[in-house]
Every structure is written in C-alpha cells, then in structure tokens.
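Labels below follow one simple rule: chain letters A, B, ... track the order of the sequence lines, proteins then strands, and each chain is numbered from 1. On a predicted model such as this, the values are computed, not experimentally measured, just so you know.
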Amino acid sequence: MRSFSEIETISKRASRGAGFSWGVSEEIGKSVRLLEMFGLPGILHLKNYLEKINNHNYQKITIISADNISNNIPYCPISVGVNFLDQAYNLEKIENINFSNLAYPLLAVPFLSRSSEIIGKKILLNLENFKFLFNYNQSILSNFDNSLISKTTNFLISFNQNEDSFDKKTWDSLYKISQKTFVDETESSKKTAAGAGLTDND
Amino acid sequence: MQIELRDPKKIMKLKRLGSFHQSKLSFLRSFLREFNSWDYKRELFELDNDGYGVAVYSFKKEQRKYSLVCFANKLDDNERSDRVIATKWDASFTLFDGIPTKKDIERLSLNVPQQEIGRMTYKELTLSRANKSMRAFNYVVECLSNGNQPSTKKLSEVGYLYRTTAVYGSGKFGLADRFRIKNRPEIHGPFRLEMMLVYFVRQFTIDQVNFISKNKNPRKAIELDKNIARSLGIGNSTGLGMAPFIVNHPILLNNWILARETALKKIREIKDVKQEDFNYFFECLKNSINNINTWNTDSDYQKEKIKSLKIDLVKFIKYLEQEFDKKKEYLFNIIFNWVDSNLTEESIEYVVSLFLEPYDEIVDQLTPTMSADEEKFFNIPVERKIEDLRVIIEKNYTEILNIDFNEDKNIQNFWFISKNKEEPRVANRFEEIGSELEQPLAISRDVKSLYQRIKNLKNSMTISRFLADNNDLRHAVRRVFMIEKFPYSEIQDNIIGSELMPIDMLRLKLSFFGACKFDPRSDKWLRICMFQGAPLPDELKKFNDNWIYNSLN
C-alpha cells in the first residue's frame with residue numbers, strides 16, 4: 001500500500017508536471033492526501049483530470065460568488081478549490097454557493113473540508129445525488145459511492161449554522177446523570193475555599 | 001542580564017551554517033540519552049560462514065519494541081558503489097515496529113535488499129543499506145582471525161567498518177507515515193528512528209566482523225577488543241539528496257537552530273557560573289582537540305577549515321589559561337564575546353557547541369522542541385493584508401532584496417530531480433538542459449519577485465484577493481508568513497548563485513545529526529562518521545554523555 005507521504009509527493013509533482021504553479025501543486029498534494037485519508041478516490045480523479053488538462057479547456061475562476069456560471073467551458077476544480085479556500089471568510093456570508101459546470105468535482109472537495117476547519121463551521125455539499133458533510137476537517141460524512149464524475153452541473157455548497165444536534169431537554173437529562181460524579185460541599189469546606197473570609201468589594 | 005538571540009541574518013548565512021559542529025543537542029546524542037534505559041537484545045543471528053544471512057536486534061521498554069532487521073548479501077567488488085544509483089549493497093536494513101515474525105522476515109527478505117524498488121509496509125519505520133569499507137573490514141578480519149587486535153592507529157584512518165549510503169523514513173517506499181507514530185514520547189526528537197537504525201547497524205558490523213573472523217580460523221581467532229569496537233562508528237556518504245530537505249522544511253530548520261541559539265542565550269545569561277561547570281567545559285574543549293587531530297580529509301576546502309580551527313583553539317586555550325579572569329560574573333558571555341571577536345566562523349560555532357556540554361537541564365528542555373508539526377502552519381493567513389507581507393519581507397529578507405536576479409551569476413544554478421533515481425541535483429542553468437523543470441528552492445529569487453509584484457499594490461488589499469490573480473507566487477507567500485513566526489526558517493543566502501557551496505547545506509544538517517569528521521569529496525558530496533566512540537548497546541545503561549570527547553582518539 002502507498003503511504004500518505006507518497007500520495008502527497010506524487011500528487012504535488014504530477015500537478016506541477018501538468019502546469020500548476022508550485023504553490024498550487026503543494027495545495028493539491030495536501031488535498032489528494034486528505035481525500036485518500038478519508039477513503040475517497042483522490043488519486044484516480046487527479047490522474048484523470050491531469051491527463052485531460054492539456055487537450056481540454058477548463059475555466060479558471062478568480063472571485064467566487066453565489067452563482068458561478070460557466071456555460072461552455074467547465075470550471076477547473078483546483079481553481080475553484082484553491083480560491084474557495086482563500087475566500088472562505090467572505091463566502092461564509094453567502095448562504096448557498098452554486099457552480100453550474102464543474103469538471104472532476106471531487107478534486108474541489110478537500111478544499112471545502114479545509115475551509116470548514118478554517119472558518120469553524122460545518123459545510124454541506126450537494127453533488128449530483130451525493131451529499132458531503134464537512135466536519136471541521138476532522139471527518140467527511142458522505143454517501144458518495146466512489147464513482148468517477150468527470151463533470152457536474154450540480155455542485156451546491158451551503159454553510160451550516162453552528163447548531164447543536166440535540167435539544168435542551170436531552171442535554172439537561174444527560175447533565176443530570178453527570179451530576180452523579182459531584183459531591184455535596186460541607187459547611188467547613190465552604191469556609192476555607194478560595195476567597196473565603198475576604199470581602200469581594202475591595 | 002538579558003542577552004538577545006543571535007541575528008538570523010548573520011547565523012542563517014550558508015558559510016556560517018556550513019561551520020556548524022555536533023553538540024549535545026545533536027540527534028544521535030539525544031537518541032542515546034532517550035534509549036539508555038531500554039533493554040537491548042540480539043534476537044536472531046543466522047549468518048553462514050562467510051557472514052551472509054539475517055540478523056535481528058531489538059530495543060524494548062514496557063510494551064514497546066523496535067527491531068532492526070539486517071540482511072547481509074554477497075557482493076562482488078565490481079558491484080560495490082556508494083552512489084545512489086547503485087542497485088546492490090553488502091547489507092540492507094529496516095527498522096521494524098515490534099518484533100518481526102518468521103513470515104515478516106520472509107517478506108522483508110524479498111523487499112529490503114531491493115531498497116527503492118522494494119515495497120515496505122506500515123510496520124516498517126526506516127530503511128537503509130550499507131557497504132563495507134573493504135580496507136578496514138578485511139584488515140580487521142585478517143587481524144582477529146590470526147589472534148591479533150587491529151591497530152587503532154590504522155583503524156582511525158577510516159573510523160568504521162561499513163558506511164551507509166542512504167537512510168529513508170517518513171513514508172518513503174511504503175514505510176509508516178510519520179503522523180501515525182509521532183505521538184510516541186520516545187521519538188519526540190527529530191530523526192530518532194533513523195538514529196536507532198544506524199546505531200543498530202554499527203553493532204551488526206561489529207558482530208559480523210567477529211563472526212567471520214571466528215569462522216575463518218576457529219582455533220586462533222579472538223574477538224575485537226571492546227575499546228577498539230567502541231572507537232568504530234558508521235560511515236556515511238552523503239550527496240545532494242539532503243540539501244533540499246532544509247529548504248523544504250523551514251519550520252523544522254527553525255526549530256533546530258532556535259534550540260541551539262536559545263541554549264547559547266541561556267548559557268550567556270548565567271550570572272554565577274559554577275567552577276565545576278567551567279572546568280567541565282574546559283575539559284571537553286581540551287579532549288576534543290584529539291578529535292580534530294584524527295580528522296583526515298583530502299579536501300583542500302576542509303583542510304583549510306581544520307587548520308584555522310586548530311590555530312584558533314590554541315589561541316583560545318591560551319586566552320582561557322592566561323588572560324581570562326574566571327572570577328568574573330557572566331563568564332560564558334565574556335568568553336563568547338571574545339570568541340566572536342577573535343576567531344573564525346568555524347571556530348566560533350565549535351566553541352558554541354562546547355558551551356552546551358555542562359548544561360543537561362538546558363539541553364533536556366530544548367530537545368523536545370526540535371521536532372515540528374509543519375501541517376499546522378501550511379495554510380496561508382489569507383485575511384491578512386499586503387502591508388503585512390511588505391513589512392515582513394523588508395524586515396526579514398533585507399539582504400536578499402539587494403540581490404540582482406537579472407545578473408546571470410545570481411541565477412547560475414538550478415535544482416532539479418533526476419529522472420533515474422528521483423534524487424535532487426544541482427546544475428548550471430546556462431550549460432545544461434532542464435531548468436524549466438526547476439524545483440521551488442530558489443526562495444530568495446522568488447521572494448524578491450513577490451516583493452516587486454506587490455510594490456505598487458494597495459496596502460489594504462487582502463492576501464486572499466492578491467492570490468486570486470497571483471497564484472504563481474503562492475509558495476513564496478506561504479514562506480514569508482512562516483518566517484514571521486519562525487525567524488530561523490530561511491537560509492539568508494542565494495542558493496542558485498554561482499558561489500553556492502552545496503556541502504555547506506549538507507554539513508548543517510549532518511551537524512544536527514551529530515556527525516563528525518566531515519570529509520568533503522567534492523563541493524557536492526562528503527563522507528562523515530556517526531557514533532564513533534559511542535557506548536555499545538550492552539553498555540548503554542552505564543552511559544556517559546561526554547563519550548564523544550573522551551573516546552574519539
């Protein structure tokens with residue numbers, strides 16, 4: 001089995017070999033490593049994309065907005081991913097971000113995962129029939145079936161508000177059980193605890 | 001008294017970095033300090049009469065075990081090569097996580113001797129190979145099999161029985177990824193597992209030479225005297241492969257240098273230096289001169305350095321014995337100021353290394369800080385402004401900004417990865433092909449390009465907006481934000497200029513490994529020796545950390 005270090009190195013070098021700058025190639029290396037670590041087929045998608053890159057036109061993106069439409073030429077997933085990562089602080093103010101025509105969308109996925117960690121919010125992605133939930137770059141929850149998607153017209157990103165997955169009642173019930181680890185304080189311990197005997201109005 | 005850390009713009013010059021020497025912070029010494037409480041065992045030693053076969057050595061503490069698996073193979077003299085392009089070696093090794101089963105050894109026997117074209121697994125931690133020094137090995141076999149101990153004088157000309165030609169770790173060729181094992185406390189120091197491998201290899205070479213001698217002449221043969229065995233290390237031939245490492249790992253480089261500089265600062269700040277600490281330093285200094293006297297090299301470059309070091313140390317000892325007042329406060333600061341004003345860079349750094357010797361408590365605190373979690377600082381702080389970038393560059397790359405990269409001599413070299421062995425190389429841009437495939441190591445040139453690119457941009461522009469149109473300089477932007485936090489992360493020189501001496505980069509790294517006796521064979525590769533004089537594994541528990549000065553004679 002290839003180590004993650006080998007996966008990162010080969011992805012970085014191949015990306016540079018395909019014409020990306022060194023700085024962007026470093027990002028791709030880290031991102032493909034992340035995909036593979038989360039069990040997603042990063043190497044396969046990168047290989048397929050890089051093989052096509054010389055003979056096909058892919059649209060670069062500069063500033064990402066709510067609706068990103070490229071009717072004829074599909075967006076480059078690396079350009080989308082890197083710019084999303086760089087602009088995540090501004091983008092989180094937008095509720096939904098849509099890309100109408102995106103090549104090899106899985107390659108943009110790790111950048112969303114890293115963005116989730118940077119801005120401190122969960123991010124939800126709808127890609128065709130698949131959903132991805134990015135949990136602060138600690139995990140990716142997905143029903144993705146590892147299929148090779150070379151192009152999509154359905155790539156919708158939304159920022160989840162930081163909300164609990166449980167209601168107050170559930171929390172309170174659990175808190176009640178946790179109280180079983182506490183001990184009642186005696187009068188004497190109250191008298192000798194920090195601050196005892198002093199006025200707090202000094 | 002507060003002493004400032006030394007200025008990175010002075011210390012991070014290649015000529016200065018190429019003058020560094022081993023110290024108490026060096027990795028092979030901190031490895032021995034960590035593992036001196038572990039149980040050592042030779043688990044397996046199955047060699048034929050000629051010394052070919054398999055051997056396993058282990059370290060064990062509580063539930064944790066590490067094993068070196070050695071494969072010794074027959075190699076014709078005409079096949080022996082230290083070059084990285086070689087495909088066969090006298091012996092090959094892997095450090096295994098745990099104790100290997102028979103099945104593991106079978107699998108490893110098919111892969112470890114193949115080195116780069118074999119496949120390792122997550123159970124293997126490091127990988128290496130080594131060749132015999134034929135003149136030393138055969139000489140020792142000849143002596144021992146005839147019942148004589150070899151001459152230490154003759155052996156000191158080489159200093160080892162084998163030299164390694166590569167040591168790999170961190171996920172190469174399928175080896176375990178570093179992140180999987182990085183939280184183990186015993187390896188909280190860089191290159192611990194690589195050091196363990198080399199240390200075990202040294203023991204294997206001693207066991208093998210004894211075994212072959214015994215089989216050659218069972219009646220007459222004797223074992224190598226332990227004092228002589230201890231005076232043997234492991235040689236290493238090191239080429240350019242190491243040089244890009246220190247550029248590609250800026251935070252790690254910072255942490256190594258910062259630890260050494262912090263130690264120096266703390267020692268200079270000691271007001272009342274204990275007499276015994278000064279005496280210990282002075283004793284190490286005097287003993288270490290024996291080491292310099294046995295430092296052999298054919299390199300004029302190195303000979304000149306050794307000559308100046310010898311002259312300087314005579315001058316320095318005279319100063320300490322005749323002019324220096326030991327009753328003053330801040331003794332080491334006074335000594336440092338004298339050394340810094342009167343000696344060459346080679347000698348200044350030699351003395352700085354020696355300063356650390358009496359101070360276990362300072363060194364022990366700093367050793368764990370010499371690793372780095374580089375992932376944590378990979379993301380570019382895109383919310384920051386162009387003004388920040390400009391200020392950081394102007395503050396940290398002052399001299400770099402003065403280099404004119406339009407002049408051919410300042411861009412004469414380029415670094416690339418060779419196709420045949422995927423190893424870093426350096427070549428003349430104007431004489432050789434391939435400069436369009438240059439590796440991103442010309443940081444000074446790229447940072448200057450970045451500086452020029454942002455020259456007319458608004459200070460208030462965010463890095464995020466800048467990168468949207470300038471991703472070709474993304475790697476340089478990342479570096480600049482790193483140096484802000486890690487002042488010793490960058491070599492303050494042009495490593496593509498015509499005056500580049502690549503061995504300065506190698507020597508810096510090797511000094512942190514703890515290598516001695518640098519022997520440049522050209523400006524691009526050198527031989528060194530490791531663990532010479534170190535306690536043998538079965539002596540580790542009675543270990544004395546000043547072995548390096550006491551027994552390198």
inquiry  = Within this structure, what is the CG-CG distance for the pair Asn137(A) and Asn379(B), rounded to the nearest 0.5 Å?
reply    = 8.5 Å
ask   = Do the non-hydrogen side-chain atoms of Tyr122(B) and Met1(A) ever get within less than 4.5 Å of each other?
value = no
ask   = So do the side chains of Asp86(A) and Ile380(B) get within less than 4.5 Å of each other, counting heavy atoms only?
value = no
More than 12 heavy atoms of other groups within 6.0 Å of Glu95(A) CD = no
message = Does Ile10(A) have more than 12 heavy atoms from other residues, nucleotides or ligands lying within 6.0 Å of its CD1?
response = no
request  = Under 4.5 Å heavy-atom distance to chain A, tell me which part of Thr121(B) shows up: side chain, backbone, both or neither.
outcome  = neither
request  = Check the surroundings of atom CG in Leu148(A): do more than 12 heavy atoms from other residues, nucleotides or ligands lie under 6.0 Å from it?
outcome  = yes
ask   = Is chain B contacted by the side chain of Ile118(A), its backbone, both, or neither, given a heavy-atom distance below 4.5 Å?
value = side chain
key: Spacing of CE belonging to Met37(A) relative to CG belonging to Asp177(B), to within rounding of 0.5 Å   = 6.5 Å
query = Can you name the closest pair of heavy atoms from Ser5(A) and Ser170(B) and give their distance?
reply = OG-O, 3.1 Å
message = Using a 4.5 angstrom heavy-atom cutoff, name the option from Arg478(B), Arg119(B), Gln439(B), Met120(B) with the most pairs to chain A.
response = Arg119(B)
key: Nearest-0.5 Å distance that lies between atom CG in Asn83(A) and atom CG in Asn471(B)   = 6.5 Å
Main-chain N/O of Phe173(B) paired with Glu6(A) side-chain donor or acceptor, under 3.5 Å = yes
Segment of Lys60(A) engaging chain B (4.5 angstrom heavy-atom cut-off) = neither
ask   = If you count heavy-atom pairs under 4.5 Å between each of Lys172(B), Glu375(B), Arg180(B) and chain A, which one has the most?
value = Glu375(B)
query = Does a salt bridge link Arg474(B) with Glu27(A), judged by any charged N lying under 4.0 Å from a carboxylate O?
reply = yes
request  = I would like to know whether Arg13(A) and Ile417(B) meet side chain to side chain contact (heavy atoms under 4.5 Å, CB included); could you show each step before the answer?
outcome  = CA-CA 10 Å; Arg13(A) 288 182 180 166; Ile417(B) 302 284; 3.9 Å; yes
Which donor-acceptor pairs under 3.5 Å do side chains of residues 66-79 of chain A form with protein atoms, sequence neighbours excluded?
from, atom 1, to, atom 2, distance (Å)
Asn68(A), OD1, Ser65(A), N, 2.9
Asn68(A), OD1, Ser65(A), OG, 3.3
Asn68(A), ND2, Ser65(A), O, 2.7
Asn68(A), ND2, Asn98(A), O, 3.1
Ser70(A), OG, Ile73(A), O, 2.3
Tyr75(A), OH, Ile69(A), N, 3.4
Tyr75(A), OH, Ile69(A), O, 3.4
Ser79(A), OG, Ile61(A), N, 2.9
Ser79(A), OG, Ile61(A), O, 3.2

message = Tell me if the CG atom of Asp172(A) is crowded by more than 12 foreign heavy atoms within 6.0 Å.
response = yes
message = Please classify the contact between Phe4(A) and chain B as side chain, backbone, both or neither, with a heavy-atom cut-off of under 4.5 Å.
response = both
query = Where do Ile63(A) and Ala468(B) come nearest, in terms of heavy atoms and distance?
reply = CD1-CB, 4.3 Å
query = Roughly how far, to the nearest 0.5 Å, is CH2 of Trp22(A) from CG of Leu441(B)?
reply = 8.5 Å
request  = Measure across Ser3(A) and Leu175(B) and return the closest heavy-atom pair with its distance rounded to 0.1 Å.
outcome  = CB-O, 3.5 Å
task = Write out, in numerical order, the residues from residues 449-466 of chain B with a heavy atom short of 4.5 Å from a heavy atom in chain A.
result = Ser464(B), Arg465(B)
ask   = Relative to chain B, which of Glu8(A), Glu26(A), Gln87(A) shows the most heavy atom pairs under 4.5 Å?
value = Glu26(A)
